[in-house]
Amino acid sequence: MTSRSPQDDAGLDQSLDTIMKERRHLINLAYRLLGSLADAEDVVQETYVRWYAMTPAQQQAIAAPGGWLTKVAGRICLDLLGSARMRRESYVGEWIPEPVPDRMEWATVRPTDTAADPADRITLDESVSMAFLVVLESLTPAERVAFILHDVFRYPFGDVADIVGRTPAACRQLASSARRRIRDAQAPTRPTSRQIAVIRNFKQAWEAKDIGALIGFLDPAAVSVADTGGLVEAGARSMEGAEQIARGLVALVSRLPDLTILERMVNGRPGLVVQQDGVTVSVLALEATDDHITHIWAMRNPEKLRPWRVGVQD
């Protein structure tokens, strides 16, 4: 019988610690690639399953475990992106990316709850804003992976090519194409303080059921999209034009009693969380330019709201 020395145990503990420290990075990567926190968690779990399926000798032969984990996670995401479009064809209603739960109020910019999982593992920057994630949905899987890996996470094209399965030159072209399409689709970013002022006025008008005021705070060509997954009633899942959206929002709060509208950060930007009897029933990501709201993305699918019901309550 062979016994392990304390030094062996220390080496194993150090190796495990090194591997597990990559988890946050992998979650951040997979979420940006897939637009789904649940799918990102599954990808990271599968990545670690593949790591621990190897023998200790095989693991020790890998010079850069972090790079290996990123490569595996990236390839799993690429495969999932290839099948995601087919899955979404059978999805009931509109599909929008899953918002990341955030415990930050606009006014205080401080935690309102002690729960830390999974939101604290997502770095909330411009690359997870709802507007950005929606644009990413228009890219091909290869464009999305190449762009996110290179432009967001700063991987060299040689490493990107190893994940995407194309030449570095081809990956450079993919990222360039994605960059151009994102630049053309995105509106200029406004200061957070300006967004807060517009959205707060909008919130107050909504609470007052003031259709006229709501119309004034919405861009005439504003678009609102609701993701219900076919699991809850949402009225019109997609609405265009300030008046139609305003009337739809007032009809919603009139139909559902005891609603509370909270000021919360949604994917790093000012948004709104709607609760009924203390339970989150909708999360709204909004895009504001100048003095008007141009886009509303309303997540009402209860399956996608599970993390919010744990981590964003009063």
Side-chain angles (χ1 to χ4, degrees), residues 25-37 39-40 43 70 73-75 77-82 84-85 88 94-100 102 122-161 163-192 194-195 219 221-225 227 238 240 265-271 284-290 292-299:
H25 165 74
L26 297 174
I27 287 285
N28 273 275
L29 174 65
Y31 175 72
R32 285 163 174 78
L33 289 176
L34 301 175
S36 166
L37 204 52
D39 287 347
V43 165
T70 296
R75 287 177 174 173
C77 287
L78 186 62
D79 290 340
L80 287 176
L81 285 170
R85 297 192 178 190
R88 288 170 193 168
E94 301 281 354
W95 187 97
I96 61 176
E98 180 183 333
V100 176
D102 198 324
I122 298 291
T123 303
L124 298 171
D125 59 22
E126 195 63 27
S127 67
V128 294
S129 72
M130 189 59 67
F132 186 82
L133 292 175
V134 168
V135 175
L136 289 180
E137 289 297 313
S138 68
L139 304 180
T140 67
E143 284 177 332
R144 187 165 181 164
V145 173
F147 174 81
I148 292 296
L149 284 170
H150 180 265
D151 284 46
V152 177
F153 288 92
R154 303 301 178 187
Y155 282 90
F157 282 118
D159 291 348
V160 176
I163 294 172
V164 177
R166 305 195 187 187
T167 66
C171 290
R172 186 176 290 106
Q173 290 180 342
L174 288 169
S176 177
S177 173
R179 199 178 304 123
R180 182 170 56 253
R181 292 169 67 177
I182 290 169
R183 183 177 59 246
D184 292 344
Q186 279 195 303
T189 302
R190 294 293 185 265
T192 298
R194 184 65 216 147
Q195 295 177 51
D219 186 271
V223 175
S224 175
V225 178
D227 181 336
S238 181
E240 297 183 10
M265 299 300 287
V266 178
N267 281 47
R269 291 201 181 170
L284 277 65
L286 304 101
E287 184 172 61
T289 59
D290 299 322
H292 298 89
I293 291 171
T294 58
H295 288 85
I296 301 173
W297 295 279
M299 178 56 67

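Numbers for residues simply follow the sequence, beginning at 1.
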Please collect all salt bridge (Lys or Arg N to Asp or Glu O under 4.0 Å) contacts where either partner lies in residues 129-146, sequence neighbours excluded, each pair once.
R88-E137, E137-R144, E143-R181
Determine whether L133 and L136 satisfy the following criterion, side chain to side chain contact (heavy atoms under 4.5 Å, CB included), listing intermediate values before the conclusion.
CA-CA 5 Å; L133 292 175; L136 289 180; 4.0 Å; yes
Between L29 and L149, does a side chain to side chain contact (heavy atoms under 4.5 Å, CB included) hold up when you go through it step by step?
CA-CA 8 Å; L29 174 65; L149 284 170; 3.7 Å; yes
From I296 CD1 over to I96 CD1, what is the distance, rounded to the nearest 0.5 angstrom?
11.0 Å
With salt bridge (Lys or Arg N to Asp or Glu O under 4.0 Å) as the rule and sequence neighbours excluded, what pairs involving residues 148-158 come up?
D151-R179
Exercise answer: donor-acceptor pairs, residues 166-176 side-chain atoms, under 3.5 Å, sequence neighbours excluded:
| unit_1 | atom_1 | unit_2 | atom_2 | d |
| --- | --- | --- | --- | --- |
| T167 | OG1 | A170 | N | 3.0 |

What residues form a side chain to side chain contact (heavy atoms under 4.5 Å, CB included) with V135, not counting sequence neighbours?
S138, I182, A185, Q186
Determine whether P270 and T192 make a side-chain contact, defined as any pair of heavy atoms from C-beta on separated by less than 4.5 Å.
yes
With sequence neighbours excluded, tell me which residues meet ring pair (Phe, Tyr, Trp, His ring centres under 6.0 Å) with Y155.
none
Rounded to the nearest 0.5 Å, what separation is found between the CD1 atom of I293 and the CG atom of L284?
9.0 Å
Sorted by chain and residue number, the ring pair (Phe, Tyr, Trp, His ring centres under 6.0 Å) partners of H292 (sequence neighbours excluded) come out as none
SG/C77 to CG/D39 distance, rounded to the nearest 0.5 angstrom?
8.5 Å
Calculate, to the nearest 0.5 Å, the distance between atoms CZ and OG belonging to F147 and S127 respectively.
8.5 Å
Indicate the atoms forming the closest heavy-atom contact of A142 with V164, along with that distance.
CB-CG1, 4.2 Å
Restricting to side chain to side chain donor-acceptor pair (under 3.5 Å), what partner residues turn up for D79, sequence neighbours left out?
none
Residues that E240 engages under salt bridge (Lys or Arg N to Asp or Glu O under 4.0 Å), provided they are two or more places apart
none
Kindly give the heavy-atom pair with the smallest separation between P97 and M299, and that separation in Å.
O-CE, 3.5 Å
With sequence neighbours excluded, residues passing side chain to side chain donor-acceptor pair (under 3.5 Å) with H150
none
Atom OG1 of T70 and atom CG of L26: how far apart are they, to the nearest 0.5 Å?
5.5 Å
Side chains of R32 and F132, heavy atoms from C-beta outward: is any pair under 4.5 Å?
no
For E98, the salt bridge (Lys or Arg N to Asp or Glu O under 4.0 Å) test, sequence neighbours excluded, returns none
For the residue pair L34 and A40, what are the closest heavy atoms and their distance?
CD1-N, 4.2 Å
Could you pull out all residues at least two apart from L78 that satisfy side chain to side chain contact (heavy atoms under 4.5 Å, CB included)?
P141, V145
Keeping N267 on the side-chain end and P99 on the backbone end, is there a donor-acceptor pair under 3.5 Å?
no
